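The block underneath contains the structure these notes are about, expressed in structure tokens.
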Amino acid sequence: MLLRRCHSIALSFSNPSPPLSRRPPPWRRHLICPFPSYLSLFSLSSSPHTTISVLPFSSGNSPPSSDGELTEDFPSKQGPLKPGLYLVGTPIGNLEDITLRALRVLKCADVILSEDTRHSGKLLHYYNIKTPLLSYHKFNESQREHVVLRRLIGGEIVALISDAGMPGISDPGTELAKLCVDKDIPVIPIPGPSAVVAALSASGLPTNEFTFVGFLPKHATKRRERLVVSANSAATQVFFVPPHKLSQFLEETFLIFGQHRRCVIAREMTKMHEEFFRGTLEEAKDKYSAHQPKGEITLLIEGMKTPEGETLSESQLENELGELIISQGLSLSMAVKLVAPGTSMKRKAIYSLALEKFGKHNPK
């Protein structure tokens, strides 16, 4: 089994006044590639109001500077990387939102599979990573799998990244990970930024239970069915919405979820024009009907609130079932499934009521 090592690096800390002593500091260590050789460094100002600024990296092969800057090596506690498929989380906007471990893996890999090589090239250039890129997206995924699999079986380190966030989450990578698992090839997650978790944490909506829906189906009927399921769930619902489809999304959810359901629209997270809208679906529909926003959108809708143990009357159940079966065209079984969590009545009794009242409209 092949083991990989990266080039050693050095970290330098500079303080303009007083001059640094030439004696090695107590934190000096020897390093064998725990991190890539392009990390930004910090400088502490000696002014009364301490400031932190970013300095260019000083190469580990460079001698100490004349102004007292020390260059020391640190040891790796991680050890060399082992062959396998590494699913690497990358920034969702701000290039600084990447982990040291992710940088190390990208630096040490034999090849990086990228959803968009031009987009990923900017990230690699920013951190001076020279690892070769190989395109890997939904249009060539099936063709690339066998090539990548041969390289993995041959003992190579393969890193997989998407345009933003974690691979396999509404992005390519799921099928390759399944294939590797079936072939007993190690699949190693390198956690990183997530639009879902970032939006949820700052939303102000309940986070104890949530459902990640992602992008809705393109077909209107399937999209409506998915929204009906989400509308009747007690969990916070998380969607990815293209900006050009936001107005349509709000129109559909306004009708299915109801006008008073709270929502949060997180746009351009971690970027310069980051924006959070918090309000009801009615307020969101009014706000965004006049203009189309730009940028990536993660949209959250609060779950349905249902008092525990509430028993709806027969007329209330009939109204809810009628709305789902007649107005929205759902089957009897689907309508019963959605209504049942909101009442203590047994599902069999609800189905009998639905069959009696609406069987002729929908025999299924």
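Being a predicted model, the structure only gives us computed values, none of them experimental.
Taking Ile, Leu, Val, Met, Phe, Trp and Tyr as hydrophobic and joining them when side-chain heavy atoms fall under 4.5 Å apart, one finds L255 in a cluster with F254.
Each of V264 and Y288 belongs to its own hydrophobic cluster when Ile, Leu, Val, Met, Phe, Trp and Tyr are linked at side-chain heavy-atom distances under 4.5 angstrom.
Evaluation of the salt bridge (Lys or Arg N to Asp or Glu O under 4.0 Å) rule for E283 yields no partner, not counting sequence neighbours. With sequence neighbours excluded, no residue forms a side-chain hydrogen bond (donor to acceptor under 3.5 Å, both in side chains) with T236. Listed by chain and residue number, E268 satisfy the salt bridge (Lys or Arg N to Asp or Glu O under 4.0 Å) test with K271 (two or more places apart in sequence, or in another chain). Residues that satisfy the ring-ring contact (aromatic ring centres under 6.0 Å, His included) test with H260, not counting sequence neighbours, are absent from this structure. By the salt bridge (Lys or Arg N to Asp or Glu O under 4.0 Å) test, R118 pairs with D116, sequence neighbours left out. Not counting sequence neighbours, the partners of E252 by the salt bridge (Lys or Arg N to Asp or Glu O under 4.0 Å) test are R223. Taking the side-chain contact (heavy atoms from CB on, under 4.5 Å) definition, one finds that S289 meets it with nothing, sequence neighbours left out.
Listed by first then second residue, pairs satisfying side chain to side chain donor-acceptor pair (under 3.5 Å) with a partner in residues 225-235 read R226-S230, S230-Q237, S233-Q237, not counting sequence neighbours. The salt bridge (Lys or Arg N to Asp or Glu O under 4.0 Å) pairs that include a residue from residues 321-336 number zero, where partners must be two or more places apart or lie in different chains. Residues in residues 346-356 take part in no salt bridge (Lys or Arg N to Asp or Glu O under 4.0 Å) pair, two or more places apart or across chains.
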Margin query: Run S203 and R278 through side chain to side chain donor-acceptor pair (under 3.5 Å) and show every step you take.
Written below: CA-CA 8 Å; S203 67; R278 298 175 177 87; over 6 Å; no
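In the model, R144 has a side-chain atom that pairs as donor or acceptor with a side-chain atom of S135 under 3.5 Å.
R261 contributes no side-chain N or O that, together with a main-chain N or O of L281, makes up a donor-acceptor pair within less than 3.5 Å.
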Check residues 184-199 and write down every donor-acceptor pair under 3.5 Å in which the side-chain atom is one partner and the other belongs to a residue at least two apart or another chain.
{"unit_1": "S194", "atom_1": "OG", "unit_2": "V196", "atom_2": "N", "d": "3.4"}
{"unit_1": "S194", "atom_1": "OG", "unit_2": "V197", "atom_2": "N", "d": "3.3"}

